[in-house]
Amino acid sequence: MRAALAVAAVTGLGATALTALPAAAAGEAVTVQYRQSATGGDQVEPWLKVVNTGTASVPLSQVKVRYYFKAEAGASYTYACSWAVKGCANLTGTFGTLANPTATADRYLEVGFTAGAGSLAPGADTGDMQLRFHRSNWQPLNQNDDYSFGPAQTTYANWSKVTATVGGVQVWGTAPAGNEPTPTPTDPTTPPPTGATLFDDFDYTGHTDPAIAAHGWSVRSNSGGPGVPGATWAPENVTFAKEGTNSLMNLRSSTAGTGESTRHTEILTRASKFRNGTYAARVRFSDAPLSGPDGDRVVQTFFTINDLKAPMADDYAEYDFEYLPNGGWGEPANILYTTSWETYRPDPWEAVNQHSEVRASYAGWHDLVLTIDDNSIVYYVDGQEFGRHDARYLPERPMSINFNQWLIDLAGQTSTTPRAYDQKVDYVLHVKDQVLTPAQVAAKIAAYRSSGTAFEDSVPAVQ
C-alpha cells in the first residue's frame with residue numbers, strides 16, 4: 001500500500017516563511033532576553049530567555065523565537081541545546097531562509113517549544129536556554145556580520161534583534177528590513193460556503209461496525225508492506241472509544257520482537273476520489289509504548305495516496321504526515337516529516353519527492369492540515385506552516401485518505417518482551433477544491449460538532 005518505504009537520505013531542516021495567523025489572544029505578550037556566550041569562530045551560542053510581560057498565561061507551544069544571521073556561502077547548519085531550565089528535550093530548533101535577504105541576515109534559527117515545556121504565567125520566564133549552532137562540517141564561521149549577534153551583550157537583557165511570535169503573531173522584536181510580518185485580513189475563522197465535503201468524527205462501536213464500510217472505510221487485513229516482513233495487519237487493533245462526549249479512533253500496533261508477533265494497523269477510504277482541496281485531521285502521536293521496552297522504529301501517519309502503476313510512473317501521488325518517535329530511515333531520534341511525492345521505484349530504490357521535517361518530540365495531540373491547489377502543497381501543524389512544496393509534485397489523479405501505524409523494522413529494539421504503541425485520531429476532514437486556513441478548519445469542525453453531525457460525505461465519486 002505505502003510508497004514511502006523509506007526516505008533515503010535527509011539533509012537539512014525544513015525552511016518555512018513567516019505566516020500571518022489570527023491575532024494573539026488578549027493579554028498575551030512576551031519579550032526575549034539575550035546574552036552571547038562566545039564570540040569564537042566555530043559556533044554561535046545565543047543564550048535566550050522568554051519573559052511573559054502580558055496579563056494572560058502563555059502556552060509555550062505557541063511561542064516561536066527567531067535569531068537571524070548571515071550564512072556562509074553554501075553552508076548548512078546544525079542546532080544543539082547545551083542546557084535549558086525547561087529541558088532541552090522540550091525545545092526545538094529549525095533553520096529557515098529569509099524571503100528578503102539583507103547584508104546581515106539571510107537565514108534564521110527558529111526556536112520552539114513542545115507541549116512538555118508547559119505555560120508561562122504573567123511575569124514568569126523560561127530561565128536559561130543555552131543554545132548553540134555550527135556549520136555541519138565544523139568549518140569556521142563569522143558572527144560579526146550576523147543581524148542578531150551582540151558581542152557586547154554578556155548579561156541577559158531585552159534584545160529587539162530577535163523576534164518572538166505567539167500563535168503566529170509577532171509580539172516582540174524587529175526582523176531584518178523587508179522581512180516584517182504582513183498581517184492579512186483574509187484569514188477568517190468562519191467556514192467558507194459549503195462545498196463537497198468528507199467529515200468523520202469516528203463514532204463507531206468497533207472495527208466490525210457495519211457503518212464503517214457504509215461510510216466508505218476499509219480496515220486493512222491483507223498482508224504485505226510496508227514494514228516488518230511477516231507482520232500481520234490486524235483489523236481488531238483498530239478500536240473506538242468515548243473520551244467524555246467525544247469519540248476517538250485508536251490504532252494499536254504491537255510486537256514481541258519477531259515478524260510473526262508484529263501487528264500493524266491501517267484504515268483507509270475504499271474510494272480514491274480526493275484530489276485538490278483541504279485535508280485535515282487531529283492526531284495524537286505517542287513517543288513511548290504502553291508497556292515494555294521502548295525503541296521500536298514506529299511510523300505514525302496521516303496521508304493521501306494513489307497506486308503506483310509502474311516504477312517511476314509520473315501520475316503517482318502521495319502526501320504524508322509521518323511521525324517517527326524513535327527515529328528510523330537514518331535518523332537517530334524523533335522526527336516529524338511532511339513529504340510530497342512525484343514518483344518512486346522500489347527496486348533499486350529511487351525516489352522523487354520534496355520533504356520538510358523537524359527533529360523534535362511531537363508526542364500529544366496535533367492539528368494537521370494539508371492544502372493542495374493548482375500552485376502548491378502546504379502543510380500546517382497546530383496552525384503554523386510546516387512545509388510548502390512545489391507545483392511539480394501536484395497530483396495528476398485522485399487519491400484515498402489513510403491512517404496507519406507500522407514498524408519499519410525490528411532493529412531499533414531487539415527485545416522479545418511484548419510492547420504496543422497507540423496512535424489516536426479525533427476526526428478527519430476533506431473539503432474538495434477549497435483551500436481553507438487552519439482557523440477555517442477549526443471553525444468547520446466546531447460547526448459540525450455543534451450541530452451534532454458525526455459524518456458527512458458529499459464528495460462525488462470519480463466519473
Side-chain angles (χ1 to χ4, degrees), residues 1-10 87-89 114 116 206-208 218-241 243 248-268 283-303 320-337 339 346-347 349 357 359-366 402-425:
M1 282 294 302
R2 285 282 278 134
L5 303 181
V7 178
V10 179
C88 285
T114 70
H207 75 282
T208 60
S218 175
V219 182
R220 184 176 176 183
S221 60
N222 60 296
S223 62
V228 175
T232 300
W233 293 85
E236 66 275 12
N237 286 357
V238 178
T239 59
F240 304 86
E243 290 192 5
L248 302 177
M249 176 172 66
N250 190 71
L251 283 72
R252 178 165 296 175
S253 296
S254 60
T255 188
T258 65
E260 294 74 16
S261 68
T262 301
R263 301 289 183 268
H264 295 157
T265 45
E266 180 167 31
I267 185 169
L268 64 154
V283 178
R284 187 183 188 279
F285 298 127
S286 59
D287 278 354
L290 300 172
S291 63
D294 197 0
D296 292 291
R297 294 169 178 167
V298 182
V299 185
Q300 301 171 350
T301 76
F302 165 46
F303 64 101
D320 303 326
F321 290 92
E322 293 174 309
Y323 180 54
L324 282 61
N326 293 313
W329 299 328
E331 291 290 331
N334 37 26
I335 184 169
L336 177 63
Y337 286 106
T339 309
D347 189 21
W349 179 258
E357 62 277 339
R359 294 170 176 86
S361 171
Y362 277 84
W365 284 104
H366 296 283
N402 305 51
F403 298 90
N404 67 16
Q405 183 180 218
W406 49 282
L407 279 66
I408 297 172
D409 53 38
L410 297 172
Q413 174 54 262
T414 58
S415 170
T416 56
T417 300
R419 58 269 187 190
Y421 297 82
D422 279 0
Q423 174 189 341
K424 296 182 185 295
V425 182

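Below, each value reflects all heavy atoms present in this structure, side chains not excepted, and no hydrogens, waters or symmetry copies.
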Can you tell me how the ring of F285 sits relative to the ring of Y323, calling it parallel under 30°, perpendicular over 60° and tilted otherwise? tilted
Can any side-chain N or O of D409 pair as donor or acceptor with the backbone N or O of A411 at less than 3.5 Å? yes
Donor-acceptor pair, side chain of R419 and main chain of T417, under 3.5 angstrom: yes
Are any of the side-chain heavy atoms of R252 and Q423 separated by less than 4.5 Å? no
Can you name the side chain to side chain donor-acceptor pair (under 3.5 Å) partners of T232, sequence neighbours left out? none
Kindly indicate whether the side chain of V298, heavy atoms from C-beta on, has any atom under 4.5 Å from the side chain of Q405. yes
Does the N326 side chain pair with the main chain of D296, one donor and one acceptor, at a distance under 3.5 Å? yes
Q413 side chain reached by R297 side chain, heavy atoms, under 4.5 Å: no
Measure the CG-CG distance between D287 and D294 for me, rounded to the nearest 0.5 Å. 7.5 Å
Are W329 and L324 packed together at the side-chain level, in the sense that at least one heavy-atom pair is separated by less than 4.5 angstrom? yes
Donor-acceptor check, side chain of S254 to backbone of A420, threshold 3.5 angstrom: yes or no? no
Here the gap from E236 atom CD to T208 atom OG1, rounded to the nearest 0.5 Å, amounts to 11.0 Å
Just by distance, do the side chain of T114 and the backbone of G116 share a donor-acceptor pair under 3.5 Å? yes
For the backbone of G230 and the side chain of E260, can you confirm whether one donor and one acceptor N or O come within less than 3.5 Å of each other? no
Relative to the ring of W406, is the ring of H264 parallel (under 30°), tilted (30 to 60°) or perpendicular (over 60°)? perpendicular
For the backbone of Y337 and the side chain of E322, can you confirm whether one donor and one acceptor N or O come within less than 3.5 Å of each other? no
Is there a side-chain contact between P235 and V238, using heavy atoms and a 4.5 Å cut-off? no
Looking at Q300 and N404, would you say the former's side chain and the latter's main chain have a donor-acceptor pair under 3.5 Å? no
